[in-house]
Novice: 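One structure follows; several queries about it will come next.
Every number for a ligand or one of its atoms is a count from 1 in the order of the listing.
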Amino acid sequence: MTKQYDVITLFPEMFDAIADSGVTRRALDEKVWALKCWNPRDFATDKYRTIDDRPFGGGPGMVMKAEPLNAAINAAIQRQQDLQLANFGNTAKVVYLTPQAKPITDAGIRQLAAEPGLIFLCGRYEGIDERLIEARVDLEISIGDYVLSGGELAAMVLIDAMVRLLPGVLNTAESATEDSFSPARNHLLDHSHYTRPEVWNNAAVPTELMSGNHAEIAKWRRKLALTRTLKRRPDLLDVTKLSKEDLKLLQEIQQKQK
Ligand code: SAM
């Protein structure tokens with residue numbers, strides 16, 4: 001079933017970036033996912049189509065008004081319901097992109113990707129009237145501890161990361177199970193990659209990769225993935241989940257480091 005992603009955004013044209021290029025475009029063409037953008041400006045009722053106003057209490061910047069966003073969310077929910085995505089009475093979750101949530105991880109992306117449909121709410125300016133967030137938002141997600149100008153790039157990051165995990169999107173050569181953080185790889189980082197020429201900038205490709213011995217190459221890659229993870233992201237290493245072979249490799253690596 002096609003995943004349905006609705007996005008509430010003042011800048012729908014930004015989403016051409018994922019609709020028109022690469023893996024996400026191919027998956028969109030193949031109806032693995034569908035995108036519908038809603039501009040809150042189209043739901044503003046005054047003649048200036050106002051979607052923002054000054055903050056109560058003063059201070060710099062503008063705040064997005066609750067009502068146009070509320071109406072846009074209603075339209076998105078209606079669309080999802082019309083597509084019969086409503087599961088036992090549950091409608092698609094409304095996700096607010098915000099720097100104030102816990103940054104999302106690979107596990108979070110996999111959970112989101114399992115949802116049949118999602119509605120992304122992109123803030124701008126100083127953010128959104130808190131009452132709208134309290135009344136309509138199911139989930140708050142950040143893509144990292146830094147502040148973007150708007151939620152659009154964050155929504156696109158989530159959509160890209162989810163879509164590439166969906167069945168049939170990546171071919172075997174690109175398989176997401178080989179990537180960093182994959183549960184199929186025990187959440188390790190990926191090994192390094194090399195291509196022609198064999199020598200570049202006085203650096204040769206590691207001899208192990210040139211041996212033609214597939215078992216040796218697989219072992220070397222595994223060892224490299226473990227070494228990198230140990231060095232760069234030891235927090236990802238869960239020794240209780242490693243296979244016997246990996247544990248042995250890890251011991252070899254740690255022995256060498258002493
Ligand atoms: N005043 C807000 C604060 O300090 O928390 C920042 C507002 S920011 C300029 C405008 C919008 O960008 C936010 O409403 C949110 O939708 C989005 N945004 C900014 N940083 C983000 C992040 N790290 N992850 C997800 N969304 C983000």
Novice: Report the part of Ala101 (side chain from C-beta onward, or backbone N, CA, C, O) that has a heavy atom under 4.0 Å from ligand 1; answer both or neither where that applies.
Specialist: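 For Ala101, no heavy atom sits under 4.0 Å from ligand 1.
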
Novice: Could you tell me which non-hydrogen atom of Gln257 sits nearest to which non-hydrogen atom of Leu230, and how far apart they are?
Specialist: OE1-CD2, 3.6 Å

Novice: Got a salt bridge between Arg221 and Glu208, using NZ or NE/NH1/NH2 to carboxylate O under 4.0 Å?
Specialist: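 Glu208 and Arg221: not salt-bridged.
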
Novice: At a 4.0 Å threshold, what atoms of ligand 1 neighbour a non-hydrogen atom of Gly151?
Specialist: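 Those qualifying, in numeric order: 12 (O), 16 (O), 17 (C).
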
Novice: Sort out for me which residue in Thr105, Asp106, Asp190 forms a side chain to side chain contact (heavy atoms under 4.5 Å, CB included) with Phe181.
Specialist: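 Testing Phe181 for a side chain to side chain contact (heavy atoms under 4.5 Å, CB included) against Thr105, Asp106, Asp190 leaves exactly one candidate, Asp106.
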
Novice: For atom 23 (N) of ligand 1, what is the closest protein heavy atom, and at what distance to 0.1 Å?
Specialist: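 Heavy-atom neighbour on the protein nearest atom 23 (N) of ligand 1: Tyr146 O, 2.8 Å.
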
Novice: Where on Ile143 is there a heavy atom closer than 4.0 Å to ligand 1, on the side chain, on the backbone, on both, or on neither?
Specialist: both

Novice: Considering only protein heavy atoms, which is closest to atom 18 (N) of ligand 1, and at what distance to one decimal place?
Specialist: Pro99 CD, 3.7 Å

Novice: Test your reading of the structure: does Gly144 have an N or O sitting under 3.5 Å from an N or O of ligand 1?
Specialist: yes

Novice: What do you reckon, is CZ of Arg54 surrounded by more than 12 foreign heavy atoms closer than 6.0 Å?
Specialist: no

Novice: Taking Asp6 as the fixed residue, which of Lys93, Arg79, Lys36 is the one that meets the salt bridge (charged side-chain N to carboxylate O under 4.0 Å, His left out) rule?
Specialist: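 One option only clears the test, and that one is Arg79.
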
Novice: Return the residue, atom name and 0.1 Å-rounded distance of the protein heavy atom closest to atom 13 (C) of ligand 1.
Specialist: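 Nearest protein contact, heavy atoms only, for atom 13 (C) of ligand 1 is Tyr96 OH, 3.8 Å.
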
Novice: Check for a donor-acceptor pair, side chain of Asp129 on one end and backbone N or O of Arg131 on the other, with a separation under 3.5 Å.
Specialist: yes

Novice: Looking only at protein heavy atoms, which one is nearest to atom 11 (C) of ligand 1, and how far off is it?
Specialist: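 The protein heavy atom lying closest is Gly123 O, 3.4 Å.
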
Novice: Considering heavy atoms of the protein only, find what lies nearest to atom 1 (N) of ligand 1 and give residue, atom and distance to 0.1 Å.
Specialist: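 Among all protein heavy atoms, the one nearest atom 1 (N) of ligand 1 is Glu126 O, 3.0 Å.
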
Novice: Tell me the closest heavy-atom pair linking Val169 and Val163, and the distance in Å.
Specialist: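 Smallest heavy-atom distance, with atoms named: CG2-O, 3.3 Å.
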
Novice: Would you please test Ile109 and Met162 for side-chain contact (heavy atoms from CB on, under 4.5 Å) and show each step?
Specialist: CA-CA 6 Å; Ile109 294 288; Met162 288 189 295; 4.0 Å; yes

Novice: Output the list of atoms in ligand 1 that are nearer than 4.0 Å to some heavy atom of Gly127, sorted by atom number.
Specialist: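 Near Gly127, the atoms of ligand 1 are 14 (O).
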
Novice: Answer with yes or no whether Ile128 contacts ligand 1, where contact means a heavy atom under 4.0 Å from a ligand atom.
Specialist: no

Novice: Considering only the protein, which heavy-atom contact is closest to atom 10 (C) of ligand 1, and what is its distance?
Specialist: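 For this ligand atom, the closest protein heavy atom is Tyr125 O, 3.4 Å.
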
Novice: At what distance is the nearest protein heavy atom to atom 8 (S) of ligand 1, and which residue and atom is it?
Specialist: Leu148 O, 3.3 Å

Novice: Suppose we measure from atom 6 (C) of ligand 1 to each protein heavy atom; which comes out shortest, and what is that distance?
Specialist: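 I find the closest protein heavy atom is Val147 CG1, 3.9 Å.
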
Novice: Quick one: does Leu97 get an N or O within less than 3.5 Å of an N or O on ligand 1?
Specialist: yes

Novice: Of the non-hydrogen atoms in Lys219 and Leu249, which two are nearest, and what is the gap between them?
Specialist: CE-CD2, 3.8 Å

Novice: Which of the numbered atoms in ligand 1 are below 4.0 angstrom from a heavy atom of Ser142?
Specialist: 23 (N), 24 (N), 25 (C)

Novice: Looking at Phe43, is its backbone amide N or carbonyl O close enough to the side chain of Trp38 to form a donor-acceptor pair, meaning the two atoms are under 3.5 Å apart?
Specialist: no

Novice: Is it the side chain, the backbone, both or neither of Ala154 that has a heavy atom closer than 4.0 Å to ligand 1?
Specialist: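 Side chain only.
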
Novice: Does a sphere of radius 6.0 Å around CD in Glu126 hold more than 12 heavy atoms from other residues, nucleotides or ligands, not counting ones at 6.0 Å or beyond?
Specialist: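 For Glu126, atom CD is crowded (more than 12 foreign heavy atoms under 6.0 Å).
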
Novice: With a heavy-atom distance limit of 4.0 Å, tell me whether Gln100 approaches ligand 1 through its side chain, its backbone, both, or neither.
Specialist: side chain

